Structure formats: structure tokens, C-alpha cells
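Note that the structure is predicted; figures quoted are calculated from it, not measured.
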Amino acid sequence: MQAPSELPGELQRELQGFLDTISIARQPIVDAQRTIVAYELFNLNRAVHEHSSSSDLSVALNAVAQSGAPLWASHHDLFLNTVPQGLVGDHWDFLPAKHIVVKVRHLPGHDAQAIADTAVALANLKQRGFRLCLHHTVVAPAYKAWQPFADFVNIETPTVKPEQLGPLVAAIRARTTAQPIAQKVERADQFETLQSAGVKMFQGFWFSKPEVLHPKVLSPGQVSALGLFNLLRAQAPIEEVEEALKKDAALGVNLLRIINSAGVGLNRSVTSLRQAVMLMGYKRLARWSAMLLTTSAQGSVSLLSSAAVVRARMMELLALHDVDNFDSESAFLVGLLSLLDRMLGTELRPALEQLSLDKDVMESLLEPAGKYAGLLALAIACEAEDDEAFNAAFGRLGYSLRQINMAHMEALAWSDALQ
């Protein structure tokens with residue numbers, strides 16, 4: 001595992017001031033009847049010539065960190081671009097291979113050694129279960145080593161003369177087992193020529209322009225990610241790791257998301273952040289936190305994240321006074337996730353359904369009769385200084401006013417100390 005200062009040079013150069021926000025667009029890939037069969041994702045913050053390992057990694061991590069809609073809800077395949085250097089890396093462990101097609105550009109200069117080295121990386125991704133989409137130059141003799149790995153071949157339509165399309169498709173059929181995809185189709189005559197040549201998958205402005213998703217990505221601060229990484233590298237006690245996750249709401253929420261991804265492959269209900277750490281393990285969690293260093297925002301903790309941390313801490317402290325009825329770790333988790341809908345700008349239920357939460361945690365966030373719903377209502381009432389709501393919640397619970405006031409003040413102080 002590399003320390004941040006030991007990350008590859010390209011990532012290290014982009015570590016400071018990388019992407020505070022990321023704007024992802026998707027463009028449909030359709031069949032001849034214009035039925036959507038897949039989507040390609042684009043990083044709108046970068047021009048084509050500015051793509052790097054870091055920028056492509058940002059799209060990949062933010063895609064898998066979505067709460068579900070709109071990236072994963074359709075269950076269509078997603079085509080993700082990567083530069084050749086990005087074919088190797090720990091981020092592939094966190095991506096659901098079943099739905100991902102890795103789109104690989106050809107190599108500048110068509111260097112023989114670079115082609116051979118990249119072939120090894122392509123083989124590794126195929127072994128992991130990913131499918132590959134290669135540029136149409138793969139039919140050239142220089143790329144013979146890549147040809148067995150192609151599941152799709154991307155025809156860059158504007159760069160191919162109309163009279164060459166037929167022979168190119170024939171070469172793709174003869175030298176690979178791949179399905180051709182015509183990209184940048186902008187006119188009806190191009191579509192007709194491609195259809196006549198046997199192409200069955202298409203993409204371009206003639207069908208649909210890219211849809212800007214403006215995803216709500218919770219971006220942990222680099223300081224938080226670095227602190228977590230250092231704790232994991234030092235094999236710190238799990239209590240310290242859990243504490244680091246509690247300090248940044250985005251860290252905790254993203255861990256819950258990533259642990260439910262097909263790439264991680266864990267299908268357990270989660271009751272606490274500590275359990276999430278145990279399920280993922282230190283080694284995998286360290287790799288994840290190191291990758292966050294290249295994609296985290298530089299800004300301070302958001303007001304919503306801070307409010308979620310205060311709620312969570314207050315509920316945790318109150319639960320510690322009533323261990324017969326409440327689990328303090330689950331109480332913290334309920335408070336942490338209680339503002340997830342506002343953080344993401346979406347409905348709460350679909351956001352929560354992507355997190356494999358324990359039944360008690362889920363019900364407490366969605367149902368007034370949930371196990372921790374009373375604690376949550378009390379924390380919200382204290383936050384809003386709502387006397388009527390406070391009295392209703394206070395009457396349902398057995399805490400003294402001193403216990404409640406102390407828990408609230410300690411939670412506020414604890415949160416302030418984190419910023």
C-alpha cells in the first residue's frame with residue numbers, strides 16, 4: 001500500500017486542488033430501433049486531451065458512490081473511459097464488473113512495448129469480469145495482442161471515410177469477436193451507411209445529446225481521508241478508525257455505499273460504522289481512503305454534514321444511558337443518515353435502499369414507530385428549538401432534562417472540535 005507521498009507521479013501532481021466538484025454526463029448507446037442498450041459516462045470537467053488516471057478515477061469512484069439513481073437505477077451497462085495508465089489500480093476492486101465496460105483509447109505512437117504491456121493489463125481486467133471496448137485501430141496488425149480481449153470495438157465515425165466503413169466492420173468481425181459500436185453519428189446518411197455495413201449499436205448527437213446528471217456526490221475532505229488512511233496504515237485500534245469515520249459524515253456515508261457495491265461483494269445488513277469497517281477490512285479500506293485523496297474536495301465541512309454529525313453524536317450519547325433498549329452504534333448511524341435526502345437532493349427511501357442497512361436502522365429513519373425514531377425526533381427537536389416537538393419526544397423517552405441537555409451540548413462541542 002502506498003502512502004500519499006508515494007502515489008504515482010501523475011496522481012501526486014494532481015493531489016492538491018484537483019476536483020472540488022465533478023460534473024458527470026451520460027449519453028445513451030442505442031440499437032437500430034433507438035432502444036437504449038447502455039450508457040457512456042463523461043467527465044465534463046475535463047476535455048478529451050486532458051484525461052488522466054486521476055480524472056478517469058474520479059468518474060469511476062463517483063459513479064459507484066451514487067445513491068442509486070440515476071446511474072445504477074436502469075441496470076444498463078455503463079461504459080467508463082480510462083487512459084492506459086488507469087487500467088491498473090486498486091479502484092477496479094470497488095467497481096461492479098457485471099455492469100462495467102472499460103473503454104480504452106489507442107496508444108499515441110503505437111509503441112510496440114507499450115502495446116505489449118497494456119495487453120497484460122487488459123487480460124487482468126478480463127479475468128476480473130470486466131468487458132472491454134477498444135478503439136477501431138485495434139484491427140491494425142500492431143494491436144494483434146489486444147484483439148482477443150475486445151468485447152466491443154468503437155468506430156470513431158468522423159475519422160473513417162464512408163467507403164472504408166464496410167471494410168472496417170469486416171475487419172472487426174474477422175479479427176475479433178467484438179460487437180462494433182458506431183460513435184459520433186450525427187447524420188441520417190451516416191446511420192444508413194453504418195447499418196448497411198452491419199453495425200447494430202450506435203451513439204451520437206443524431207440519436208441523443210449527453211444528459212448532464214449533476215450528481216450529488218458527498219465528497220469527504222482530504223484532511224479526513226488522509227487521517228483515516230494514516231490510522232489504517234498504522235493498524236490503529238478499530239475504535240480510532242471508527243472515530244475518524246464519525247468525524248466526517250461524507251466518509252461514513254460513502255463507506256456504507258461502497259460496501260454495498262457489487263465490486264466489494266458484501267451482502268450483509270449493516271448496523272454500525274464499526275461493522276462496516278470489519279466487513280471491508282483494513283487493507284481494502286486503506287486502498288479506498290488513499291484513492292479518496294485524489295478526489296476529495298478541499299472545502300470545509302458542510303452545514304448539513306455538521307448537523308448530521310451533531311444528531312448522530314447526541315443520539316449515541318443518549319443511547320449509552322439506556323443500553324438495555326438501545327445500541328449506541330446503531331443510534332449514531334441513524335443520526336448520521338437522517339439528513340441523507342437533503343445532502344443528495346433526493347428522496348430518502350431510495351437513497352437508503354442502496355446501503356444494506358439493518359432493519360431497525362432503516363425503519364427508524366422511515367417510520368415514526370422505528371426503534372430509534374424517538375431518539376431521532378428528540379435530537380431534531382433540540383436542534384430546531386421546537387418546544388412542542390421536544391415535549392412530545394421527551395414524554396416518550398425516560399431521560400432526564402439534564403441528560404438530554406448534556407448530550408446536546410457535548411454533541412455540539414464534539415462537532416465543533418472536528419472542524
**Student:** How about L78 and H99: do any of their side-chain heavy atoms sit closer than 4.5 Å?
**Tutor:** no
**Student:** Taking atom CG of N154 and atom CD of E40, what is their separation to the nearest 0.5 Å?
**Tutor:** 7.0 Å
**Student:** Can you name the closest pair of heavy atoms from S330 and Y372 and give their distance?
**Tutor:** CB-OH, 3.6 Å
**Student:** When rounded to the nearest 0.5 angstrom, what distance separates CD in Q27 from CZ in F79?
**Tutor:** 12.0 Å
**Student:** Given side chain to side chain contact (heavy atoms under 4.5 Å, CB included), test Q275 with D358 step by step and report yes or no.
**Tutor:** CA-CA 11 Å; Q275 184 189 33; D358 174 75; over 6 Å; no
**Student:** With side chain to side chain donor-acceptor pair (under 3.5 Å) as the test, pick out the partner of H135 among R105, Q183, K103, E156.
**Tutor:** E156
**Student:** How far apart are the closest heavy atoms of A319 and S328, and which atoms are they?
**Tutor:** CB-CA, 3.7 Å
**Student:** Please name all residues satisfying salt bridge (charged side-chain N to carboxylate O under 4.0 Å, His left out) with R175, sequence neighbours left out, ordered by chain then number.
**Tutor:** none
**Student:** For the residue pair D360 and K371, what are the closest heavy atoms and their distance?
**Tutor:** OD2-CD, 3.7 Å
**Student:** Verify the neighbour count for atom CD of E239: are there more than 12 heavy atoms of other residues, nucleotides or ligands below 6.0 Å?
**Tutor:** yes
**Student:** Report yes if some heavy atom in the side chain of P180 is under 4.5 Å from a heavy atom in the side chain of R173; otherwise report no.
**Tutor:** yes
**Student:** Verify whether the ring centers belonging to Y143 and H110 lie closer than 6.0 Å.
**Tutor:** yes
**Student:** Step by step, work out the side chain to side chain contact (heavy atoms under 4.5 Å, CB included) result for D31 and F202.
**Tutor:** CA-CA 6 Å; D31 61 19; F202 309 87; 5.8 Å; no
**Student:** Please name the residue in the list I181, L194, V30 that meets the side chain to side chain contact (heavy atoms under 4.5 Å, CB included) test with M201.
**Tutor:** I181
**Student:** Determine the minimum heavy-atom distance between L376 and S338, stating which atoms define it.
**Tutor:** CD1-CB, 3.6 Å
**Student:** Side chain of R131, backbone of D77: donor and acceptor closer than 3.5 Å?
**Tutor:** no
**Student:** I'd like to know whether Y282 forms a side chain to side chain contact (heavy atoms under 4.5 Å, CB included) with V277, so could you lay out the CA-CA distance, the side-chain angles of the two residues, the decisive distance to 0.1 Å, and finally the verdict.
**Tutor:** CA-CA 7 Å; Y282 271 29; V277 172; 3.9 Å; yes
**Student:** Please find the pair of heavy atoms, one from L125 and one from L87, that lie closest to each other, and give the distance.
**Tutor:** CD1-CD2, 3.5 Å
**Student:** Do V334 and L375 come close enough that some side-chain heavy atom pair is under 4.5 Å?
**Tutor:** no
**Student:** Got a salt bridge between E383 and R313, using NZ or NE/NH1/NH2 to carboxylate O under 4.0 Å?
**Tutor:** no
**Student:** Calculate, to the nearest 0.5 Å, the distance between atoms CD1 and CG belonging to I238 and L231 respectively.
**Tutor:** 12.0 Å
**Student:** Taking everything shown except E186 itself, do over 12 heavy atoms lie less than 6.0 Å from its CD?
**Tutor:** yes
**Student:** Between Q195 and A32, which heavy-atom pair has the shortest distance, and what is it?
**Tutor:** NE2-CB, 3.2 Å
**Student:** The criterion is salt bridge (charged side-chain N to carboxylate O under 4.0 Å, His left out); which residues satisfy it with E240, sequence neighbours excluded?
**Tutor:** none
**Student:** Donor-acceptor pairs under 3.5 Å, side chain of residues 391-399 to any protein atom, not counting sequence neighbours: which ones?
**Tutor:**
{"from": "N391", "atom 1": "ND2", "to": "D387", "atom 2": "O", "distance (Å)": "3.2"}
{"from": "Y399", "atom 1": "OH", "to": "L318", "atom 2": "O", "distance (Å)": "2.9"}

**Student:** Tell me which one of D151, V101, V138, V153 satisfies side chain to side chain contact (heavy atoms under 4.5 Å, CB included) with L132.
**Tutor:** D151
**Student:** Would you say W206 and T157 make side-chain contact, with heavy atoms under 4.5 Å?
**Tutor:** no
**Student:** Nearest 0.5 Å, what's the SG-CG distance between C382 and L412?
**Tutor:** 9.5 Å
**Student:** Could you state the interatomic distance from CD1 (I100) to CG (L80), rounded to the nearest 0.5 Å?
**Tutor:** 4.0 Å
**Student:** Test I404 against M314 for side chain to side chain contact (heavy atoms under 4.5 Å, CB included), laying out the working first.
**Tutor:** CA-CA 8 Å; I404 295 170; M314 181 179 178; 3.9 Å; yes
**Student:** Enter the distance from L273:CG to L336:CG here, rounded to the nearest 0.5 Å.
**Tutor:** 6.0 Å
